[in-house]
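Some notes on the structure that comes next.
Just so we're on the same page: letters track the sequence lines, and every chain starts at 1.
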2 protein chains.
Amino acid sequence: MDAVDRAVLTELAADPRLPTAELARRVEVSVPTARDRLRRLQESGVIRGYHLDVDPAALGYPVAAFVRVRPGPGQLPKIAELARSLPQVSECHRITGEDCFLIKVHAADVGSFEETLDRFLLHGQTTTSIIQSTPVPPRTPGLG
Amino acid sequence: MDAVDRAVLTELAADPRLPTAELARRVEVSVPTARDRLRRLQESGVIRGYHLDVDPAALGYPVAAFVRVRPGPGQLPKIAELARSLPQVSECHRITGEDCFLIKVHAADVGSFEETLDRFLLHGQTTTSIIQSTPVPPRTPGLG
DNA sequence: GCTGAAAGCGGCTTCAT
DNA sequence: ATGAAGCCGCTTTCAGC
């Protein structure tokens with residue numbers, strides 16, 4: 001992870017669809033070098049992948065919420081499994097604290113959360129926080 | 001948003017770096033059609049962008065936490081501003097409930113959260129939950 | 001290990017249907 | 001929306017430093 005690697009990451013973060021040749025130009029190294037650096041960053045797992053950012057509203061989910069779930073006794077694996085199986089869930093984290101899971105849930109309107117929450121309520125208690133806005137959209141930490 | 005549009009989104013979600021020609025092949029439409037669909041999806045805001053997924057550990061942040069912040073009186077804008085300015089913050093949402101913000105914070109180790117939390121404690125109360133694992137990594141809701 | 005050039009392949013654009 | 005044609009650019013590989 002030297003300056004060239006960081007420059008590759010910074011440029012690719014700015015535009016993940018950048019072709020290798022253009023990437024080389026911006027980082028100011030030769031094409032084979034850029035290509036090798038990129039390959040190594042991918043194979044070593046520094047670059048985990050690429051994501052398409054789709055507006056959930058266009059897919060019928062204009063509202064989103066973070067739901068904390070505190071599982072009942074023995075219900076912990078079922079909650080993770082349920083989260084994975086629901087298309088309304090876009091994220092699920094195991095966390096420390098009184099609640100064991102933090103789940104991002106999407107819905108057609110504020111009322112529609114009920115159905116999804118009911119599925120989780122079978123296995124524990126839930127605390128729901130509607131997302132009103134996102135002052136800092138997802139970004140890579142530490143890349144300026 | 002017809003079946004072709006959804007197919008374009010599904011294929012691009014699977015591999016965001018897919019060239020237009022290859023995309024056309026997989027969706028089974030002509031190249032100009034795929035190109036036009038993609039252009040319209042981007043210009044209409046259905047596709048908000050593309051993201052590079054970098055392992056934060058490689059950048060010196062092996063641990064992450066979700067921090068809820070309840071602002072003191074009049075401190076609300078300052079917290080959003082602070083979140084935006086800190087490279088350790090990769091996400092910040094305004095939410096409903098007792099706490100006003102949900103912030104994703106990254107650190108070099110469990111102890112290092114202290115410094116970042118202190119910055120937020122100047123403007124309110126914090127509740128921290130370390131991320132232990134991520135059973136469902138970020139994905140697009142409603143795309144299978 | 002990085003550079004620069006050459007060859008081959010493929011994507012991009014435009015046009016006519 | 002399709003299919004073909006031509007141009008341009010990317011990728012790969014090689015020799016050299």
Side-chain angles (χ1 to χ4, degrees), chain A residues 1-61 137-144, chain B residues 1-62 108 137-144:
Chain A
M1 278 293 293
D2 60 2
V4 174
D5 284 329
R6 272 188 296 275
V8 167
L9 290 179
T10 302
E11 291 300 333
L12 259 188
D15 184 359
R17 304 222 304 170
L18 224 51
T20 316
E22 179 63 24
L23 181 63
R25 238 166 272 140
R26 301 200 186 181
V27 179
E28 296 184 325
V29 294
S30 69
V31 171
T33 299
R35 189 186 165 285
D36 289 347
R37 295 300 188 119
L38 181 55
R39 225 173 44 90
R40 285 186 52 186
L41 287 170
Q42 287 177 150
E43 291 179 353
S44 68
V46 172
I47 293 178
R48 291 194 287 209
Y50 305 87
H51 290 305
L52 180 69
D53 181 12
V54 179
D55 184 358
L59 298 168
Y61 300 118
R139 66 184 183 188
T140 305
L143 270 192
Chain B
M1 279 295 293
D2 59 2
V4 174
D5 284 328
R6 271 188 295 277
V8 167
L9 290 180
T10 303
E11 291 300 334
L12 261 188
D15 184 359
R17 303 221 307 170
L18 222 53
T20 316
E22 179 63 24
L23 180 63
R25 237 167 273 141
R26 303 201 184 180
V27 180
E28 297 185 326
V29 294
S30 70
V31 171
T33 299
R35 186 186 165 282
D36 288 350
R37 295 300 188 118
L38 181 54
R39 222 172 47 88
R40 287 187 52 185
L41 287 170
Q42 288 178 148
E43 291 178 353
S44 68
V46 172
I47 294 179
R48 291 196 288 210
Y50 305 86
H51 290 305
L52 179 69
D53 182 11
V54 178
D55 184 357
L59 298 167
Y61 300 117
R139 66 185 184 188
T140 306
L143 272 191

message: Of the listed nucleotides (C/dT14, C/dA5, D/dT11), which one gets closest to any side-chain atom of B/Pro32?
response: C/dT14
- request: Could you state the atom-to-atom distance from CD of A/Glu28 to C1' of C/dT3 in whole Å?
  value: 15 Å
- prompt: Considering only C/dG11, D/dT11, C/dG4, which nucleotide approaches the side chain of B/Arg25 most closely?
  reply: C/dG11
query: What integer distance in Å separates A/Leu23:CG from D/dG9:P?
result: 18 Å
task: Verify the neighbour count for atom CZ of B/Arg40: are there more than 12 heavy atoms of other residues, nucleotides or ligands below 6.0 Å?
output: no
message: Is it the case that atom CD in B/Glu43 sees more than 12 heavy atoms from other parts of the structure closer than 6.0 Å?
response: yes
query: Whole-Å distance between D/dT11 C1' and B/Arg17 CZ?
result: 13 Å
query: Would you say a side-chain N or O of A/Thr33 is under 4.0 Å from OP1 or OP2 of C/dG1?
result: no
statement: Between CZ of A/Arg39 and P of D/dT12 the distance, given in whole Å, is 10 Å
- request: Write down the distance between CZ (A/Arg37) and C1' (D/dT11), rounded to a whole number of angstrom.
  value: 19 Å
field: Side chain proximity check, B/Leu41 to B/Leu12, heavy atoms < 4.5 angstrom
entry: no
message: How many whole angstroms separate atom CZ of A/Arg35 from atom P of D/dT13?
response: 7 Å
statement: Quick note, B/Val31 side chain, CB onward, closest among C/dT3, C/dT13, D/dT11 is C/dT13
query: If only side-chain N and O atoms of B/Ser30 are considered, is one of them under 4.0 Å from the OP1 or OP2 phosphate oxygen of D/dG3?
result: no
query: Roughly how many Å is it from CD in B/Glu22 to P in C/dG10, rounded to a whole number?
result: 11 Å
- request: Could you check if a side-chain atom of B/Tyr50 sits within less than 4.5 angstrom of a side-chain atom of A/Asp53, using non-hydrogen atoms only?
  value: no
- prompt: When you check the phosphate oxygens OP1 and OP2 of D/dT11, does a side-chain N or O of A/Thr20 lie under 4.0 Å from one of them?
  reply: yes
